[in-house]
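This report concerns only the one structure given below.
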Amino acid sequence: TRFDFFALIFRGKDSYGKDSKSKESGGKGKGKQAAGGSDENTAKGKGKGGKAADGLGTCTYVKARHILCEKQGKINEAYKKLQDGWLSNGDKVPPAEFAKIAAEYSECPSGKKGGDLGWFPRGKMAGPFQEVAFNTPVGVTSAPFKSTHGYHIILSEGRKN
């Protein structure tokens, strides 16, 4: 396949055998790499530590689905379908409906499973993906954002410690 799920999303070796962790961790500091609406969620009611009463940024595990596309136009098309069906009305996207769009649009092997990534711990995912996954409230769909691997949309399905 064009995208190797583990090489693209999980930290570790990429498909060329290079250590992808070194470039993506960025050394000291966290930086604001996640784009597409995450700033409005993180700016409200949180101190510098990113800890809030809602538990965002403090959990140890997240359960999520995602859509990964190489081209921005394709991820925008998928997001428009989500907007037309639910988001423009202020509704949350049902996981089964997100799964249908993931199966249609995602270029990640997880797309065959409706984009289901299951539970993953903090520190397992690379850079901006982890930032968005751990800062998106349960039941909420992120706006499209870019990582070094392409363009993503995440649906947060759960969090736990």
Side-chain angles (χ1 to χ4, degrees), residues 1-12 14 20-21 24-25 30-44 46 50-70 72 74-83 85-87 90-161:
T1 63
R2 194 161 63 183
F3 291 98
D4 178 349
F5 172 70
F6 292 103
L8 294 178
I9 305 302
F10 289 104
R11 292 180 181 251
D14 65 16
S20 61
K21 190 175 185 180
E24 294 176 49
S25 64
K30 291 187 179 177
K32 295 250 180 192
Q33 295 178 339
S38 63
D39 285 343
E40 63 196 43
N41 292 337
T42 57
K44 294 180 182 175
K46 292 187 181 182
K51 304 203 188 286
D54 59 9
L56 293 178
T58 62
C59 64
T60 307
Y61 289 87
V62 166
K63 183 174 193 277
R65 293 180 182 272
H66 84 130
I67 299 168
L68 169 65
C69 298
E70 182 180 13
Q72 187 175 16
K74 188 171 181 182
I75 202 76
N76 288 342
E77 192 177 312
Y79 192 68
K80 180 148 179 36
K81 274 198 167 182
L82 294 170
Q83 281 182 310
W86 301 275
L87 300 175
D91 295 334
K92 293 185 177 181
V93 180
E97 296 302 323
F98 187 94
K100 287 179 188 175
I101 293 173
E104 181 180 347
Y105 285 93
S106 187
E107 297 168 7
C108 179
S110 69
K112 293 176 186 170
K113 299 185 307 177
D116 189 8
L117 300 175
W119 289 98
F120 52 89
R122 186 178 296 280
K124 184 74 172 177
M125 299 300 191
F129 191 93
Q130 176 172 280
E131 290 295 316
V132 175
F134 279 84
N135 287 299
T136 301
V138 174
V140 174
T141 301
S142 76
F145 66 95
K146 186 176 194 236
S147 78
T148 56
H149 310 296
Y151 296 88
H152 306 265
I153 300 169
I154 294 176
L155 170 64
S156 176
E157 293 192 294
R159 54 184 65 248
K160 65 183 179 181
N161 287 328

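Start at 1 with the first residue, then count along the sequence. None of these values were measured; they are calculated from a predicted model.
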Do [X] and [Y] come within less than 4.5 Å of each other through their side chains, counting heavy atoms only?
X	Y	value
Asn161	Tyr61	no
His66	Cys108	yes
Asn76	Gln72	yes
Val132	Ser142	yes
Glu157	Arg65	yes
Tyr79	Leu87	yes

Between [X] and [Y], what is the shortest heavy-atom contact and its length?
X	Y	value
Glu107	Glu70	OE1-N, 2.9 Å
Ile101	Trp86	CD1-CZ3, 4.2 Å
Lys124	Gln130	N-OE1, 3.8 Å

Yes or no on side-chain contact (heavy atoms from CB on, under 4.5 Å) for Val138 and Arg159, after CA distance, side-chain angles and deciding distance?
-> CA-CA 7 Å; Val138 174; Arg159 54 184 65 248; 3.7 Å; yes
Would you please test Glu131 and Phe145 for side-chain contact (heavy atoms from CB on, under 4.5 Å) and show each step?
-> CA-CA 11 Å; Glu131 290 295 316; Phe145 66 95; over 6 Å; no
Cut-off 3.5 Å, side chains only: do Ser147 and His152 have a donor facing an acceptor?
-> yes
So Phe120 and Phe129, would you call those rings parallel, tilted or perpendicular, with 30° and 60° as cut-offs?
-> tilted
Given side-chain contact (heavy atoms from CB on, under 4.5 Å), test Tyr151 with Leu68 step by step and report yes or no.
-> CA-CA 6 Å; Tyr151 296 88; Leu68 169 65; 6.0 Å; no
If you draw the axis of the six-membered ring of Trp119, does the NZ or CZ of Lys160 fall within 45° of it and under 6.0 Å from the ring centre?
-> yes
Can you tell me how far apart [atom1] ([X]) and [atom2] ([Y]) are? Round to the nearest 0.5 Å.
X	Y	atom1	atom2	answer
Tyr105	Glu77	OH	CD	3.5 Å
Lys80	Ile75	NZ	CD1	15.0 Å
Phe134	Cys59	CZ	SG	5.0 Å
Ser106	Lys113	OG	NZ	11.5 Å
Ile154	Met125	CD1	CE	8.0 Å
Leu155	Ile67	CG	CD1	9.0 Å

For Thr136, does its backbone N or O pair with a side-chain atom of Ser156 as donor and acceptor, under 3.5 Å?
-> yes
